[in-house]
Amino acid sequence: MTEFVIKIEDLCKSFGDHHVLDHFDLSLIRGENLVVLGKSGSGKSVLIKCIIGLIEPDHGKIQVLGQDILTLDQTDLDHIRVKVAFLFQSNALYDSMTVRENLEFPLRRHSFQLSAEEVDDMVMEALQNVGLEHTVDMMPAELSGGMRKRIALARTLILKPEIILYDEPTTGLDPITSVEIITLINKIQEKYKTSSMIITHDMKCVKMVAQRIAMLIDGKCYAIGTYDELSTSTDEKISAFFD
Amino acid sequence: MLVPKAGLKSFLNETGETFRFALRFFQQGFRPRYEVEEFVRQCFVIGYQSLPLVALTAFIIGLVLTMQLRPSMVNYGVEVQIPAMVGIAIVREIGPILTALIFAGKIGSSIGAELGSMKVTEQIDAMEVSGTNPFKYLVVTRTLAATMMLPILVILADAISLFGSYLAVNLYETLTFGLFFKKVFDNLAYIDVIPAFIKTFFFGFAVGIIGCYKGYHSKKGTEGVGLSANSSVVVSSVLIFIIDLIAVQIAELFQ
């Protein structure tokens, strides 16, 4: 039986007269890489920020790991957030902390029983996953854009989340680094069996990472399918992305 | 008349939002989980690292105040009253207000810029999605540290300022250290010291909460960070004078 880790029903969000999400429906199946594809400003980032509770929708239902996040109190929402990692487009590394402190921050706040050695081992494991063990004592400002993205990815992995939400993971990166990040996303999914929702308009990323693609057009989930299904569509709105 | 109306509306909105933000501090600040480690770190950053600037300014003010006061006092033949007069001026008003204004300039702007920068680079959102309450971690710790550290800085500033005054007196005549401070303390009553000390907690709270509010609600990218830092200093400085005015009126009632 198909198990949904995220289930979005009838989601609406407007900013003034602009309806960003208009009765949007979508589900994320456990263990899959789902790409939400849409042009810039179509509401992709608003969608995942609604999922993680950073933006409050006007209407609708969002179930994450079986819990309606819109009805949860702060404590329960924080418990859910430990299981759902979020990779920000801007990486959002704490720039006053070293790489080690960035990675330790969520660990120390949610895993009180861990000893210093265990914390250190987990930090190094997360850094090994992204191939950046040598940066452990560096400041984020000393890292390149691609390295920062990988450190941000390591930070999202540190609490062993069940779901990872990626907000434009390849935006602003050169083509080679983009491929490295995409490869890393696939590697992580394979190793930790995470479920991922990837927001992007980068077609190379879509092709390499997507098991299913949801098209966000005019605030609605316009179409869902595999890359092969959607790339051969005759619908103008869909084919415009694949041409 | 559209512009003044809009300006008034915006001012009232901002004031209301600031009060709500301060209320949130009291609602959330005293409930677990307590961010003790971060609070201690902020006490070090806010208190200890402000000490050199506060000490230097206090020393110079004590020295200059005495040097400028002396000619008038000599004219009236009451130069013997300089320690008493300087003592009252520093302890009651100059020490608290000057330290608070320097504190607003250094700490208010630094909190506004730091939190503003964290806001526009989504670091506050990152903290929130990692299951950490950023209000408690960032706002409560900084505001509490500012509230606790400013009174300590003011006590130190008063002492350093009086020492500066003692040196200035000794530029023109010989007065022992013990006698200088005896004259200062003989003329100070509890009513001079206690209200002056209590109001510094409110000054510290104002600097902390305004800096945090401005930074936490920073907008418009890097331009917004600059605006947050700037308005933190302006608003908290004005608030310091308003609190001072109210504190003086309340202290008058007990005299």
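These numbers were taken from a predicted model, which means no experiment stands behind them.
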Undergrad: Which atoms form the tightest heavy-atom contact between A:R155 and B:A126, and what is the distance?
TA: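 What the structure gives for the nearest pair is NH2-CB, 3.7 Å.
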
Undergrad: Minimum heavy-atom separation for A:K49 to A:F86, with atom names?
TA: CG-CZ, 4.2 Å

Undergrad: Whether the side chain of A:D167 engages the backbone of A:S45 through a donor-acceptor N/O pair (distance < 3.5 Å, no angle test) should be reported.
TA: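 Checking the backbone N and O of A:S45 against the side chain of A:D167, no donor-acceptor pair under 3.5 Å is found.
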
Undergrad: Here's one to test your reading of the geometry: is the NZ or CZ of A:R109 within 45 degrees of the ring axis of A:F105 and under 6.0 Å from its centre?
TA: yes

Undergrad: In chain order, what residues pass the salt bridge (charged side-chain N to carboxylate O under 4.0 Å, His left out) check against A:D58, with sequence neighbours excluded?
TA: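 Result, salt bridge (charged side-chain N to carboxylate O under 4.0 Å, His left out) vs A:D58: A:K13.
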
Undergrad: Could you tell me which portion of B:E35 (side chain, backbone, both or neither) has an atom closer than 4.5 angstrom to a non-hydrogen atom of chain A?
TA: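 Just the side chain, heavy atoms under 4.5 Å.
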
Undergrad: Applying a criterion of heavy atom separation less than 4.5 Å, what residues of residues 131-157 of chain B form contacts with chain A?
TA: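 Near chain A, by residue number: B:G131, B:T132, B:Y137.
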
Undergrad: Less than 4.5 Å apart, any side-chain heavy atom of A:I52 and any of A:V84?
TA: yes

Undergrad: What residue in A:L165, A:L77, A:L54 has the most heavy-atom pairs under 4.5 Å with chain B?
TA: A:L54

Undergrad: Tell me, for A:L93 versus chain B, whether the close heavy atoms (under 4.5 Å) come from the side chain, the backbone, both or neither.
TA: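 Contact with chain B is through the backbone of A:L93 alone.
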
Undergrad: Excluding sequence neighbours, so at least two apart, what forms side chain to side chain donor-acceptor pair (under 3.5 Å) with B:E93?
TA: B:K199

Undergrad: Check whether A:N91 gets within reach of chain B through its side chain, its backbone, both or neither, counting any heavy atom under 4.5 Å.
TA: neither

Undergrad: Show me the pairs that pass side-chain hydrogen bond (donor to acceptor under 3.5 Å, both in side chains) and involve residues 122-132 of chain A, at least two apart or across chains.
TA: A:E125-A:Y192, A:N129-A:K191, A:N129-A:Y192

